[in-house]
Amino acid sequence: MTNAELVLEAKKARQRAYTPYSKHSVGAALVTKDGKIYHGCNIENAAYGPTNCAERTAFFRAVYEGEREFAKIAIVGGMEGTDGNEPCAPCGVCRQVMMEFCNPKTFQIIMAVDKKTYKIMTLEELHEKLSFLYNENVETHISFYATTPTTSLCLFNIENQFLDELKKMFIEEIKEVTDNQSPNFTLEN
Ligand code: THU
């Protein structure tokens, strides 16, 4: 299966998302080392905390089925009802789940806008990119929200004295990722 096909699988999975609160629906397609695909969508909850991201849904379905070795995951996300996706980076909780089962140097994360435009980073590369949010003053949960501009904006209503600063840093960082997307984005016909 090509990466473009995998992105289409993630798009299919996105249709199953349950997102009455954020309206930000996400789909994921996870591939095992022997080529099996597991789909996942985000499933929200009124209490926010129990919300499960698309990536974890895919991982937990796969692990339940006995899988332990994974090659890559494609992710698509965006506001409900729109076909347009934003590059959607897995949150800190999902990255931690990936760490449990994947080699960070080789596991590939395909963050797709559409089947022709997507950014691929290894788990390690992505983690380095997002870990700028960690420091001794900041609770690590803030970096869990290091996803897309839309996502971060809907989640940034947590009160925190460092929040404004973080928000600025985060938005600049994401801008940098999306503005510089051309050299990093892969185009496939
Ligand atoms: N979400 C995912 O499912 N995966 C991501 O990579 C980013 C965030 C979900 C969580 C929540 O339901 C919604 O998107 C807004 O944050």
Side-chain angles (χ1 to χ4, degrees), residues 3 6-7 9-31 37-63 70 72-102 104 107-114 117-131 133 140-158 160 163 166-167 170-171 173-174 177-178 181:
N3 286 337
L6 195 62
V7 169
E9 293 300 315
K11 276 186 99 166
K12 271 193 235 160
R14 189 182 158 200
Q15 290 168 5
R16 299 276 170 91
Y18 173 74
T19 53
Y21 306 105
S22 76
K23 313 277 185 214
H24 185 262
S25 57
V26 184
L30 173 66
V31 189
I37 299 184
Y38 289 87
H39 300 82
C41 62
N42 55 334
I43 303 166
E44 298 191 338
N45 188 278
Y48 190 71
T51 291
N52 213 55
C53 293
E55 297 89 323
R56 268 176 292 145
T57 303
F59 265 89
F60 294 158
R61 291 183 74 208
V63 172
F70 302 98
K72 55 187 172 182
I73 190 168
I75 307 159
V76 296
M79 292 317 281
E80 239 176 45
T82 63
D83 194 40
N85 301 299
E86 306 162 18
C88 198
C91 75
V93 175
C94 289
R95 299 201 305 276
Q96 188 65 41
V97 167
M98 291 171 189
M99 283 300 291
E100 191 70 26
F101 296 105
C102 308
F107 184 70
Q108 290 191 327
I109 300 172
I110 303 165
M111 292 160 281
V113 175
D114 57 46
T117 317
Y118 49 85
K119 185 180 177 73
I120 305 181
M121 289 172 103
T122 63
L123 178 55
E124 184 175 81
E125 284 164 348
L126 185 68
H127 198 72
E128 273 166 22
K129 192 84 188 159
L130 297 176
S131 60
L133 283 173
T140 50
H141 72 254
I142 295 293
S143 77
F144 295 168
Y145 303 136
T147 56
T148 69
T150 320
T151 313
S152 57
L153 290 173
C154 42
L155 296 172
F156 270 146
N157 51 10
I158 310 155
N160 181 301
L163 207 55
L166 278 172
K167 216 191 286 187
F170 180 79
I171 288 165
E173 176 77 4
I174 289 295
V177 174
T178 47
Q181 58 187 231

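By convention here, the first residue in the shown sequence is residue 1. When a ligand or atom number is given, it counts from 1 through the structure's own listing order. Note that these values count all heavy atoms, side chains included, but never hydrogens, waters or copies made by symmetry.
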Evaluation steps, side chain to side chain contact (heavy atoms under 4.5 Å, CB included), between V76 and Y118: CA-CA 9 Å; V76 296; Y118 49 85; over 6 Å; no
Sequence-distant partners of K23, side-chain hydrogen bond (donor to acceptor under 3.5 Å, both in side chains), two or more places apart: none
Within-cut-off N or O pair, T19 and ligand 1, under 3.5 Å: no
Contacting atoms of ligand 1, where contact means under 4.0 angstrom from a heavy atom of P90: 6 (O)
Ligand 1 atoms in contact with E55 (distance to a heavy atom under 4.0 Å): 2 (C), 3 (O), 4 (N), 5 (C), 6 (O)
Working for side chain to side chain contact (heavy atoms under 4.5 Å, CB included), residues I75 and I110: CA-CA 6 Å; I75 307 159; I110 303 165; over 6 Å; no
F59 and F70 aromatic centres sub-6.0 Å: yes
Partner residues of E9 under the salt bridge (Lys or Arg N to Asp or Glu O under 4.0 Å) criterion, sequence neighbours left out: K12
Region of S22 that comes within reach of ligand 1 [heavy atoms, distance under 4.0 Å]: side chain
C41 side chain near I43 side chain, heavy-atom distance below 4.5 Å: yes
T51 N/O to ligand 1 N/O under 3.5 Å: no
Side chain, backbone, both or neither: E44 near ligand 1, heavy atoms under 4.0 Å: side chain
Contacting atoms of ligand 1, where contact means under 4.0 angstrom from a heavy atom of C53: 1 (N), 2 (C), 3 (O), 4 (N), 10 (C)
Ligand 1 N/O within reach of A54 N/O, cut-off under 3.5 Å: yes
